[in-house]
Amino acid sequence: MSEIVHDFTTEIPVWKPYVTPLNLADATAKQLEALKVTPSNTKVSDYVLVLAHDVETLTHRSPLFNGVMYNSGGLSRAEREIGAVGASIVNRCIYCAAVHASRYNQLTKSTDVIAAIFVDGTEAEIEPRLKAILNFAVKLSKCPPEANAADMAALVEVGLNKEEILDLILSTSLFGWANRLMHTLGEPIRE
Amino acid sequence: MAENKDVIAAIVGIEPGSAIAGVVSGRADIMALTQKTHDSALAPENPGGLSHAERAALAWRMAKINDNKAFEDHFEALLEKTGAPDAAARMADIWFDGGLDVRARALIRHVDLVAHAPKQATRRDIELLQEAGLADDDVVRLSELVAFVSYQIRVAVGLELMRGLA
């Protein structure tokens, strides 16, 4: 018996696509290249197999995603995850929120911040630096975007430098992209 | 789209040698991949069932939904470059819902939903695209287009706010 997960959680659900993932046996050379499939690595998630239907964007999307979340310097990896979580809350992508909230918890070895954000959103009682980051991420993620000069100034006030702010803009915006794929092309399931 | 112009740099007004150019250069790889994805989403070599004109028109529509004039102008210019055939061009009209054209109606409905309120999307919304005749690979192409444009607009909005700091 499986059920759809509707509430924010840090237990990562299974993602079940609404469209048929690419059958690896039917993949073109270009698709195999984008999927990084080699004889020793044939394990590809359903999500990536779905995205392989549009191989031209997937080819650039994978290195872009890894760069935004993991490249060196700039904003800490944990704080980039808050950008991802802020977007995922606005767009209600339960799956993305679970993955990135749990990653934040792993990186910081704490569960308090995420627990507070899941209950109270931008009203969560968290340290000022995180609050400013979350607030900016949530407002940039609205449609149309609502982030303004005061929200940007608040990032500077809590100590973010421009390199860190750029990384926050990128990680937040990236999840405006990821959420619109993950949440619309499939659903989170608890088996 | 053979030209190497960086859409975000042009829209935000990132002048070579400026303070913001220095900050953005630290993530030059990301900005280059962003431009490459733009070209792949708007003018792919293999457009599948979504023509370049339809993609530009729908992206222009998304720029309107995001209330972003600079991106409206950008995607309008892209549409012009495709020759702007009427059936595609009218999809950029925010008051047009597709009329009697079942496929256009489904494309417009989905773009409006996912650009503006992705949280409301359900399995039924994908089924509606499939019932209107879209193959699964075109459902994914459409989804990447909406998702990517939503990303690109937000990067530019964020950078414009950051430029305002200096």
Do B:Arg90's NZ or CZ and the ring of B:Phe96 fall within the cation-pi criteria of under 6.0 Å and 45°?
->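 Yes, a cation-pi geometry holds between B:Arg90 and B:Phe96.
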Are a donor atom and an acceptor atom from the side chains of [X] and [Y] found within less than 3.5 Å of each other?
X: A:Arg92; Y: A:Asn179; answer: no
X: B:Glu72; Y: B:Asn68; answer: no
X: A:His60; Y: B:His38; answer: no

Tell me the residues of [range] whose non-hydrogen atoms fall below 4.5 Å from those of chain B, in number order.
range: residues 102-132 of chain A; value: none
range: residues 139-153 of chain A; value: A:Leu140, A:Ser141, A:Lys142, A:Cys143, A:Pro144, A:Pro145, A:Ala147, A:Asn148, A:Ala149, A:Met152, A:Ala153
range: residues 44-57 of chain A; value: A:Val50, A:Leu51, A:His53, A:Asp54, A:Glu56, A:Thr57

Counting heavy-atom pairs under 4.5 Å with chain B, which one of [options] comes out on top?
options: A:Ile165, A:Leu170, A:Leu58; result: A:Leu170
options: A:Glu187, A:Glu163, A:Arg61, A:His183; result: A:His183
options: A:Asn71, A:Val68, A:Thr59; result: A:Asn71

Listed by chain and number, what are the ring pair (Phe, Tyr, Trp, His ring centres under 6.0 Å) partners of A:Trp177, not counting sequence neighbours?
->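 A:Trp177: ring pair (Phe, Tyr, Trp, His ring centres under 6.0 Å) contacts with B:Phe148, B:Tyr151.
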Quick check: are there more than 12 heavy atoms from other residues, nucleotides or ligands sitting under 6.0 Å from CG of B:Asp73?
->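 For B:Asp73, atom CG is crowded (more than 12 foreign heavy atoms under 6.0 Å).
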Basic-acidic side-chain contact under 4.0 Å: B:Arg27, A:Asp167 = yes
